[in-house]
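Before any comments, here is the structure.
A, B, ... follow the sequence lines: proteins, then strands. Residue 1 opens every chain.
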There are 2 protein chains.
Amino acid sequence: MTLSATPFVPVEVPDLVDVIEAELTRAIVEGRLRPGARVVEAETARQMGVSRAPVREAARRMERQGLLVAKPRHGFFVREITVKEIDDLYGVRLALEECAVAGACARIDAAGIARLQAQIDLMCAETLGLTPPQRIQLDLQFHLMLCELSDNERLLRLFATIETEVRMIIALLDNHYQDPLFVAKAHQPILDAIIAQDEAAARAQMREHITSAWHHVRDLFTSQHPQPFRENEPS
Amino acid sequence: MTLSATPFVPVEVPDLVDVIEAELTRAIVEGRLRPGARVVEAETARQMGVSRAPVREAARRMERQGLLVAKPRHGFFVREITVKEIDDLYGVRLALEECAVAGACARIDAAGIARLQAQIDLMCAETLGLTPPQRIQLDLQFHLMLCELSDNERLLRLFATIETEVRMIIALLDNHYQDPLFVAKAHQPILDAIIAQDEAAARAQMREHITSAWHHVRDLFTSQHPQPFRENEPS
DNA sequence: GGTTCGTCAACTGTCGACAGTCGGCTGTCG
DNA sequence: CGACAGCCGACTGTCGACAGTTGACGAACC
């Protein structure tokens, strides 16, 4: 046996691109950069004290992720959110989460059950003292756990991008109107179905859970973001 | 009414980043760049007659897409394919394609049916004279059509990335052993279920179709790419 | 007054340069 | 002969610079 580990942690050189991307993403999901906002490379670089190159690289990644859109020769813009975007997003989210819960169902063990239950308990206990974004965070962590437990790297990656977008959308909503404790408790039936290893029930519970969130977000969004009047374009 | 269109097409300035990404992607799905291969920025830039900046930006996008992985201070590498990667990929593909076929089922019209049927007919008619990659291309086009018909932009985007990876994997397989005509005809039951607007049946057909491809690819891959011997790491 | 043209500032697309780092090679020493 | 330190080439990370384009503003002209 060798020593359990080397005494030193490898020196980690933070990659500027990663830092910039994280910062830009944070600005978006915290609502400081609203959809449609232009991201001026030079200005962003100046504010962060770096040159434009890493900013552009970070923006390129976020472009592929869908957080930014590039208009050639006009720069990057924060992706605009429409009702259809929300519908598309939640449609995909539903498919992926059903996949995740089914996978988790097949692979669940005692440790996994404990983690999930702890998360639900945490949500129930803490939820009343938290801000809505913090609650959303805990909520999404539960779903992220399911992806982890399903042991599918790609699913996890995809869900991580969806999670970011969900948080971005939430940041656009002024209030949330839902009973936080009710929302927290709503996860229990999903876990119960997983414990019972009843894949069909787990899928059904998840479907209902996501669909409910979908409708809720959709309603809030449509009421708070009336669609801009779209005049008939001359034929 | 104005004239049907302006007489001039807007001058299009091809973005170097797009060109480079397309070229790199082509190199990968055509098997010229094998998984694990290092992509040296300066060399790539030189070969394409450009500077490193746009190469890096293209690579950043492909990194987020999953085609390349970045090892900090060591450059970009073509993503390695393992059996688990294939399983993860097809697991997600299954979820997304079920979603797509369900959506298509709900929104199908005569024109859509015609397009799908034409594609199947094309596959049946042409398949014998084509190379395997060309067959795969036609096949994937059918699935891409379903995503389009489901009218979900995000689903379409996700499937496009999956399609690329499927083609990349196919490029790694020496032979394919399947009766092309049989594969082509296998799409008909899916379309029939869509025409009948029977969502459950459509999902079931799709599930069977994808699962079959999954197993086929998996078997070929495991037989042609034996896992490198992984020695027990000392505890 | 409304339209058209020219000017201009701002910003993107692209490039070459430079410093820092990593891994391999070599030569030396035990 | 093997281990180890030091050197060196290759390549990445980052930067500043320059050219080209775009949209806006304002002047000239019908």
Given protein heavy atoms under 4.0 Å, the one-letter contact record of nucleotides 17-24 of chain C, with B base, S sugar-phosphate only and - none, is simply B---SSS-

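DNA chain C is contacted by no residue of residues 58-70 of chain B, taking any non-hydrogen atom closer than 4.0 Å. The stretch residues 18-26 of chain A has no heavy atom under 4.0 Å from DNA chain C, so no residue of it qualifies as close. Heavy-atom distances under 4.0 Å link DNA chain D to no residue of residues 38-48 of chain A.
In this structure, His187(A) and His143(A) have perpendicular ring planes: the angle between them is above 60°, well past the 30° mark.
Inter-residue side-chain proximity for Leu144(A) and Glu163(A) is flagged as met; some heavy-atom pair is nearer than 4.5 Å. In this structure, Arg64(A) and Glu21(B) have side chains that are in contact, with non-hydrogen atoms separated by less than 4.5 Å. Put simply, the side chain of Leu155(B) reaches to within 4.5 Å of the side chain of Cys99(B), judged on heavy atoms.
Every side-chain contact (heavy atoms from CB on, under 4.5 Å) that Ile162(B) has, sequence neighbours left out, goes to Leu89(B), Val92(B), Arg93(B), Leu96(B), Val166(B). Residues passing the side-chain hydrogen bond (donor to acceptor under 3.5 Å, both in side chains) test with Arg218(A) are Asp87(A), sequence neighbours excluded. Listed by chain and number, the residues in a side-chain hydrogen bond (donor to acceptor under 3.5 Å, both in side chains) with Glu126(A) amount to none (sequence neighbours excluded). Qualifying side-chain hydrogen bond (donor to acceptor under 3.5 Å, both in side chains) partners for Glu63(A), counting only residues two or more places apart in sequence or in other chains: Arg60(A), Arg61(B). Under the rule for a side-chain contact (heavy atoms from CB on, under 4.5 Å), the partners of Thr127(A) that lie at least two apart in sequence or sit in another chain are Arg135(A), Pro180(A), Leu181(A). In terms of the side-chain contact (heavy atoms from CB on, under 4.5 Å) criterion, residue partners of Asp88(B) (sequence neighbours excluded) are, by chain and number, Asn152(A), Glu153(A), Arg154(A), Lys84(B).
One N or O on the side chain of Gln119(A) and one on the backbone of Leu138(A) form a donor-acceptor pair closer than 3.5 Å. A donor-acceptor pair under 3.5 Å is formed between the side chain of Asp109(A) and the backbone N or O of Gly112(A). Using modelled atom types, no side-chain atom of His225(B) and backbone atom of Leu173(B) make a donor-acceptor pair closer than 3.5 Å.
Side-chain contact, Thr44(A) with Glu41(A): no donor N or O sits under 3.5 Å from an acceptor N or O.
Rounded to an integer number of Å, the gap from Phe77(A) CZ to dT22(D) C1' is 11 Å. Atom CD in Glu57(A) sits roughly 8 Å away from atom P in dT14(D) (whole-Å rounding).
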Give every donor-acceptor pair under 3.5 Å between a side-chain atom in residues 68-80 of chain B and any protein atom, sequence neighbours left out.
from     : atom 1 : to       : atom 2 : distance (Å)
Arg79(B) : NE     : Glu85(B) : OE1    : 3.0
Arg79(B) : NH1    : Gly66(B) : O      : 3.4

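Distances were taken from every side-chain heavy atom of Asp15(B) (C-beta onward) to each of dT14(D), dG13(C), dG16(C); the shortest belongs to dG13(C).
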What nitrogen or oxygen pairs link the protein and nucleotides 6-8 of chain C at under 3.5 Å?
none

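Under 4.0 angstrom from either OP1 or OP2 of dG13(C) there lies at least one side-chain N or O belonging to Arg56(A).
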